[in-house]
Amino acid sequence: MKLPEGKKVYFASDNHLGAPTHELSFPREQKFVAWLDQIKEDAAAIFLLGDLFDFWFEYRTVIPKGFTRTLGKLAEITDSGIPVYYFVGNHDLWMDGYFEKELNIPVYHKPKEFTFNDILFFVGHGDGLGPGDKGYKRMKKVFTHPLSKWLYRWLHPDIGVKLAQYLSVKNKLISGDEDIKFLGEDDEWLVQYCKRKLSEKHRDYFVFGHRHLPMEIRLTKNAKYTNLGDWIMHYTYAVFDGKELKLEKYN
């Protein structure tokens, strides 16, 4: 994509709407919708890198209740011609067609490359990448297996959604937020993952969420890793102006 003059690309992740309750997350949703309303004026594209919801599961005819303002704003944005791209996180990995059909938003389950103004981006949520975290990686394989999704659909939505919301908030392994402290550049596993990918092929920017920490780390002279932070404590996002990607804070 060649960005038109004055247009930008925006990246955000980890809203966890619905956590710990819908009532307590509602002010965060309002702030996020206000941000979407603001950036639509100069956005060439918007990337949402997962965990928009603290839990999401699509039954054949049912989706989780709530988030009307967010879904409505996203529909308004895509209807206006601004593309939105979604990467599933570890809390909303059970997406299965609703965003594509209702909102015209493509959904990706693995990292993907994008090129803007001849600058190459490698984009994803970030869970299960890099060394270690073997317990979560095994659990993710179970969660994403077709049999697991088929069995879960047999639970009544009132039971299935309530159970998942409870586990999402209470179980740190499922939540993926057991460690939101900066580990140092040498020990950040997403940094290690980016360096390994960089040894295979050059990318200018690696952009991920999941860690809930706003980070900008120079990998080489011409490559940088950016973690987007979250919309729980930091309210940070990244913006690419056609030349450079920078982290910014919404207030």
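Just so you know, these numbers use all the heavy atoms, side chains as well, and skip hydrogens, waters and symmetry mates. This is a predicted model, so every value here is computed, not measured.
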For a salt bridge (Lys or Arg N to Asp or Glu O under 4.0 Å) with Asp37, tell me which candidate from Lys31, Arg69, Lys73 qualifies.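 So, applying the salt bridge (Lys or Arg N to Asp or Glu O under 4.0 Å) to Asp37 and each of Lys31, Arg69, Lys73, only Lys73 qualifies.
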Option from Leu48, Leu17, Asn15 for which side-chain contact (heavy atoms from CB on, under 4.5 Å) with Thr70 holds: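 The option that passes is Leu17.
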Side chain to side chain donor-acceptor pair (under 3.5 Å) between Asn227 and Tyr225, intermediate numbers included: CA-CA 7 Å; Asn227 196 281; Tyr225 158 70; 3.0 Å; yes
Which of parallel (below 30°), tilted (30 to 60°) and perpendicular (above 60°) describes Phe114 and Phe87?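 Phe114 and Phe87: perpendicular rings.
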Parallel, tilted or perpendicular, judged at 30° and 60°: which one describes the rings of Phe47 and Tyr85?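 Aromatic pair Phe47/Tyr85 classed parallel.
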Can you find a heavy atom in the side chain of [X] that is under 4.5 Å from one in the side chain of [Y]?
| X | Y | answer |
| --- | --- | --- |
| Leu129 | Pro111 | yes |
| Tyr237 | Trp231 | yes |
| Tyr193 | Phe122 | yes |
| Trp35 | Val33 | no |
| Leu103 | Leu71 | yes |
| Asn222 | His202 | yes |
| Arg203 | Glu113 | yes |
| Arg196 | Leu198 | no |

Check step by step if side chain to side chain donor-acceptor pair (under 3.5 Å) holds for His91 and Asp51. CA-CA 5 Å; His91 283 249; Asp51 288 354; 4.5 Å; no
Give a yes or no on whether the ring-centroid distance for His212 and His16 is below 6.0 angstrom.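 That pair passes the under 6.0 Å test.
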With a 6.0 Å cut-off on the ring centroids, do Phe240 and Phe121 count as close?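 Between Phe121 and Phe240, which both carry aromatic rings, the centre distance is below 6.0 Å.
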Can you find a side-chain donor-acceptor pair between Asp14 and His210 that sits under 3.5 Å?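 No, His210 and Asp14 have no side-chain donor paired with an acceptor closer than 3.5 Å.
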Any donor-acceptor pair under 3.5 Å linking the side-chain atoms of Tyr235 with those of Asp230?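 Result is no, nothing qualifies.
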For Ser25 and Gly18, indicate whether the former's side chain and the latter's backbone hold a donor-acceptor pair under 3.5 Å.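 Such a contact is found between Ser25 side chain and Gly18 backbone.
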